[in-house]
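Read the structure below first, then the notes.
The chain is numbered in sequence order, starting from 1.
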Amino acid sequence: MSRVLTVAAAQMGPVARDETRETVVERLLAMLRKAAGHGAELVVFPELALTTFFPRWWLDRRADADHWFETEMPGPATRPLFDEAARLGVGFSLGYAELTAAGQHYNSQILVERDGRTVAIYRKVHIPGHETNEPWRPFQHLERYYFDEGPDGFGVWPAFGGRVGMMICNDRRWPETYRVMGLQGVELICCGYNTPIHYAPDPSQDALAGFHNHLVMQAGAYQNGTWVVGVAKGGIEEGVDSLAQSCIVAPSGQIVAQALTTTDEVIVADCDLDWCARYQKTLFDFDRYRRPEVYGPITAR
Ligand code: CDV
C-alpha cells in the first residue's frame with residue numbers, strides 16, 4: 001500500500017492585536033479548503049496561529065493575558081475549523097496558547113486526524129526569552145513569563161498512515177528535538193514558528209535568519225530520515241518583521257516546497273513516508289551504529 005501522504009503547509013501573514021478569533025479562523029478555513037482542493041490530507045498551521053504573538057508585550061498581571069489562551073479545544077471559535085476539516089476528510093496541526101483546568105499555561109500544538117479525532121497535544125519544550133520585564137533589555141521576548149515548560153517531551157504518534165511528531169519554533173534549533181523523535185521512528189514532524197528577523201542580542205544574525213531556519217530543519221530531517229514541515233506566521237506583525245519561508249523538507253534534507261510570500265499562503269507536497277526508511281535503515285541505522293555510552297554529556301547537567 002502506498003504511503004504517500006499529501007501535506008500542506010498553511011503559512012499565515014500577520015495577525016493584528018485586535019483581530020478576533022473568528023476572523024482568524026475564517027483565514028484558516030480559507031487555507032484549509034484551498035489545501036483540500038490540492039488533495040492535502042494533512043494541513044499544518046503555525047505556532048500561536050489564533051492570535052497575535054502576544055509574548056512581545058509585558059502585562060503587570062499575568063492573568064490579564066489569559067484572554068489570549070484557549071481553555072478548550074475546540075472551543076466555540078475554533079469549532080468551525082474542526083467541523084470543516086472533518087467534513088473534508090482533512091487532518092490538521094494547529095498551534096495555540098493553552099490554559100489547562102489546572103491553571104498551566106502552555107504553548108501548544110494539536111494534531112487532529114482526518115476523521116476529526118484528536119491524536120495528541122504537544123506542549124513546547126524549549127521556551128526562549130525572559131520571565132521578567134527589565135526595560136533596559138534590547139530583546140523583548142517574554143515567552144518564559146507567559147508559558148510553562150512542556151512537561152511531556154517529544155512524543156511520536158501513529159497517525160496519517162505513519163509516525164508523526166510535533167515541535168514548536170525554538171525546538172527546531174535543537175538537534176535533541178529531532179533525535180528524540182528519530183529514536184521513536186518518526187516519519188513526519190509538524191513545526192509551527194514565529195521568528196522575529198531582528199535578533200537584538202546579536203544583530204549580526206539578522207541577515208542569517210532565513211539560512212538558520214532552513215539549516216536546522218534540513219539537517220534535522222536528513223540526520224533522522226524524516227519529513228519536516230516548517231510553517232511560519234510571517235510578515236510585519238504589530239511592527240515586528242517576522243520570518244516567513246515556510247517549507248516542506250524531505251528525509252534527504254532537500255526542500256521540496258517553499259512559500260514565496262510573507263502572507264497567507266498554502267504550499268503542498270506529496271510526502272512518501274517510505275522514503276524515511278532509506279535513511280533510517282542505512283547510513284543512520286541507529287540500532288547498529290549508535291554509541292549511547294559516549295553521549296553522556298548530552299544528558300548530564
Ligand atoms: N517563538 C520562538 O520560539 N521564537 C524564537 C526566537 C525568539 C528566537 C525562535 O527560535 O525562532
Side-chain contact test, heavy atoms from C-beta onward, threshold under 4.5 Å: evaluate it for [X] versus [Y] and give yes or no.
X: Asn170; Y: Ile127; answer: no
X: Leu99; Y: Trp68; answer: no
X: Met181; Y: Ile189; answer: yes
X: Asn133; Y: Gln140; answer: yes
X: Gln223; Y: Tyr279; answer: no
X: Pro251; Y: Arg278; answer: no
X: Glu149; Y: Arg144; answer: yes
X: Val249; Y: Val256; answer: no

Taking side chain to side chain contact (heavy atoms under 4.5 Å, CB included) as the test, write out the residues that go with Pro201, two or more places apart. Phe139, Tyr199
I'd like to know if the side chain of [X] and the backbone of [Y] have a donor-acceptor N/O pair within less than 3.5 Å.
X: Asn213; Y: Ala209; answer: no
X: Trp227; Y: Val186; answer: no
X: Gln11; Y: Thr263; answer: yes
X: Asp270; Y: Val4; answer: no
X: Arg3; Y: Gly161; answer: yes

Is there a path of hydrophobic side-chain contacts, each under 4.5 Å between heavy atoms of I/L/V/M/F/W/Y residues, joining [Y] to [X]?
X: Ile298; Y: Val180; answer: no
X: Trp157; Y: Val229; answer: yes
X: Trp57; Y: Phe69; answer: yes
X: Leu59; Y: Val240; answer: no
X: Val7; Y: Leu273; answer: yes

Residue list, salt bridge (Lys or Arg N to Asp or Glu O under 4.0 Å) with [X], at least two apart or on another chain:
X: Glu26; value: none
X: Glu41; value: Arg114
X: Glu238; value: none

Suppose we screen for side chain to side chain donor-acceptor pair (under 3.5 Å). Which residues come up paired with [X], at least two apart in sequence or across chains?
X: Tyr106; value: none
X: Ser242; value: none
X: Asp66; value: His105
X: Asp148; value: none

Quick one: does NZ or CZ of Arg172 land under 6.0 Å from the six-membered ring centre of Tyr193, within 45 degrees of the ring axis?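 Yes; both conditions hold, so Arg172 lies above the ring face of Tyr193.
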Suppose clustering is done on Ile, Leu, Val, Met, Phe, Trp and Tyr with side-chain heavy atoms closer than 4.5 Å. Which residues sit in the same group as Ile121? Met12, Val15, Val24, Val25, Leu28, Leu29, Met31, Leu32, Val43, Phe45, Leu50, Met73, Leu81, Phe82, Leu88, Val90, Phe92, Leu94, Tyr96, Ile110, Val112, Val266, Val268
Hydrophobic cluster (4.5 angstrom, side-chain heavy atoms) - remaining members for Trp174: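 Taking Ile, Leu, Val, Met, Phe, Trp and Tyr as members, Trp174 stands alone, with no cluster partners.
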Indicate, with yes or no, if the rings of Phe53 and His141 have centres closer together than 6.0 Å.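 That pair passes the under 6.0 Å test.
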Do other residues, nucleotides or ligands put more than 12 heavy atoms under 6.0 Å from Ile236 CD1? no
Stepwise side chain to side chain contact (heavy atoms under 4.5 Å, CB included) check, Cys191 with Met166: CA-CA 6 Å; Cys191 176; Met166 292 183 271; over 6 Å; no
Do [X] and [Y] have a side chain donor and acceptor closer than 3.5 Å?
X: Glu187; Y: Thr226; value: no
X: Ser246; Y: Glu265; value: no
X: His198; Y: Asp206; value: yes
X: Asn107; Y: Glu47; value: yes

Classify the angle between the aromatic ring planes of Phe154 and Tyr122 as parallel (below 30°), tilted (30 to 60°) or perpendicular (above 60°).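 Phe154 and Tyr122: parallel rings.
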Checking Arg173 against Thr177 for the side-chain hydrogen bond (donor to acceptor under 3.5 Å, both in side chains) test, could you report, in this order, the C-alpha distance in whole Å, the side-chain angles of both residues, the deciding distance, and whether it holds? CA-CA 8 Å; Arg173 304 185 191 275; Thr177 298; over 6 Å; no
Is the shortest side-chain N to carboxylate O distance from [X] to [Y] below 4.0 Å?
X: Asp152; Y: Arg123; value: yes
X: Arg179; Y: Glu176; value: no
X: Arg21; Y: Glu70; value: yes
X: Glu19; Y: Arg17; value: no

Measure the [atom1]-[atom2] distance between [X] and [Y] for me, rounded to the nearest 0.5 Å.
X: Glu72; Y: Thr100; atom1: CD; atom2: OG1; value: 13.5 Å
X: Glu143; Y: Ile168; atom1: CD; atom2: CD1; value: 9.0 Å
X: Phe160; Y: Cys271; atom1: CZ; atom2: SG; value: 12.0 Å
X: Ile267; Y: Ile248; atom1: CD1; atom2: CD1; value: 4.5 Å

Can you list the steps and then say if Thr52 with Glu237 is a side chain to side chain contact (heavy atoms under 4.5 Å, CB included)? CA-CA 7 Å; Thr52 197; Glu237 187 181 87; 3.1 Å; yes
If you look only at pairs with a residue in residues 280-301, which of them pass as a ring-ring contact (aromatic ring centres under 6.0 Å, His included), with sequence neighbours excluded?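 For residues 280-301, and leaving out neighbouring residues, the ring-ring contact (aromatic ring centres under 6.0 Å, His included) pairs sorted by first residue read Tyr222-Phe284.
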Which residues share a ring pair (Phe, Tyr, Trp, His ring centres under 6.0 Å) with Tyr145, sequence neighbours left out: Trp58
Let's go through Met167 and Val228 carefully: what are the C-alpha distance in whole Å and the side-chain angles of both, what is the deciding distance for side chain to side chain contact (heavy atoms under 4.5 Å, CB included) to 0.1 Å, and is it a yes or a no? CA-CA 10 Å; Met167 61 185 179; Val228 174; 4.0 Å; yes
Check step by step if side chain to side chain contact (heavy atoms under 4.5 Å, CB included) holds for Lys124 and Ser108. CA-CA 6 Å; Lys124 187 173 181 177; Ser108 301; over 6 Å; no
